[in-house]
Amino acid sequence: MAKDKIKAKIQRYDPEKDQKPYFQEYVVEIDRELTVHELLTKIHKNYDGTLAYRAYKCFKGMCTTCIVKLDGKTVRSCATRVEPGSEITIEPAGGGALIRDLVVDFKKM
Ligand code: FES
């Protein structure tokens, strides 16, 4: 992967259109290390406004509102960085009911 890009495979799911989740790939131009949350925001703003993910709550890695799975590991997206040149996979965190894309309802198991 070129050093000024990140290839992100992201799980998508819209219960009104999709029978099951699938992965969509984005090649994102970046010029510095980003948090996973910054990457998701960049994709949402510049590449695909339909991508759903949780917004920040605490900004400090404390509340776990923003958790996702990055390459199979559960991480706080606001506190986990990805480097230019990376190829990553982002999925919703487990432990709740999938609402849409990366958004999970943790009150429903
Ligand atoms: S926004 Fe609170 S842990 Fe990420």
Side-chain angles (χ1 to χ4, degrees):
M1 176 65 18
K3 284 290 180 197
D4 59 346
K5 294 183 168 71
I6 285 182
K7 187 187 285 185
K9 235 171 56 173
I10 300 179
Q11 184 177 304
R12 305 297 311 270
Y13 175 64
D14 179 344
E16 294 185 3
K17 292 189 321 195
D18 306 318
Q19 292 195 328
K20 61 182 183 178
Y22 65 96
F23 283 96
Q24 185 166 355
E25 194 171 279
Y26 300 91
V27 177
V28 182
E29 292 188 20
I30 63 170
D31 55 6
R32 62 178 175 84
E33 211 177 63
L34 298 177
T35 66
V36 174
H37 197 279
E38 288 173 328
L39 176 67
L40 293 172
T41 300
K42 185 171 182 121
I43 292 170
H44 180 78
K45 284 187 176 170
N46 301 319
Y47 293 81
D48 186 348
T50 68
L51 178 65
Y53 61 104
R54 290 264 188 225
Y56 277 119
K57 284 275 190 188
C58 72
F59 292 89
K60 296 177 184 167
M62 307 278 283
C63 72
T64 69
T65 297
C66 65
I67 60 172
V68 294
K69 277 189 190 168
L70 173 65
D71 295 333
K73 283 183 166 175
T74 301
V75 299
R76 292 171 172 88
S77 68
C78 71
T80 304
R81 297 191 167 276
V82 288
E83 295 178 7
S86 302
E87 296 189 23
I88 60 173
T89 301
I90 304 172
E91 301 167 84
L98 181 59
I99 297 173
R100 182 175 167 167
D101 296 337
L102 300 174
V103 180
V104 173
D105 182 351
F106 292 107
K107 293 178 188 146
K108 291 184 185 168
M109 303 294 267

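Keep in mind that the numbers below use all heavy atoms, side chains included, and drop hydrogens, waters and symmetry copies. These figures come from a predicted structure and were not determined experimentally. Counting starts at 1 for both ligands and their atoms, in listed order.
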If the cut-off is 4.0 Å to any non-hydrogen atom of Cys78, which atoms of ligand 1 fall inside it? 1 (S), 3 (S), 4 (Fe)
Which residue and heavy atom of the protein sit nearest atom 1 (S) of ligand 1, plus the separation: Lys57 N, 3.4 Å
Member of Ile88, Leu102, Thr80 meeting the side-chain contact (heavy atoms from CB on, under 4.5 Å) criterion with Val36: Thr80
Atoms in ligand 1 flagged as close to Met62, the criterion being non-hydrogen separation under 4.0 Å: 3 (S)
Tell me whether atom 2 (Fe) of ligand 1 has Cys63 as a neighbour, meaning an N, O or S atom of it below 2.8 Å. yes
If I take atom CG from residue Asp105 and atom CD1 from residue Ile99, how far apart are they, to the nearest 0.5 angstrom? 4.5 Å
Against heavy atoms of Cys58, which atoms of ligand 1 measure under 4.0 Å? 1 (S), 2 (Fe), 3 (S)
Quick one: which ligand 1 atoms are inside 4.0 Å of a heavy atom on Thr64? 2 (Fe), 3 (S)
Are the side chains of Glu38 and Ile30 in touch, meaning some heavy atoms are under 4.5 Å apart? no
Heavy-atom contacts under 4.0 Å between Lys60 and ligand 1: side chain, backbone, both, or neither? neither
So, taking the atom named NZ in Lys9 and the one named CD in Glu87, what distance separates them when rounded to the nearest 0.5 Å? 9.5 Å
Is there a donor-acceptor contact under 3.5 Å linking the side chains of Arg12 and Thr50? yes
Please list, in number order, the atoms of ligand 1 under 4.0 Å from a heavy atom of Cys66. 1 (S), 3 (S), 4 (Fe)
Rounded to the nearest 0.5 Å, what's the gap from CD on Gln11 to OG1 on Thr89? Could you check? 10.5 Å
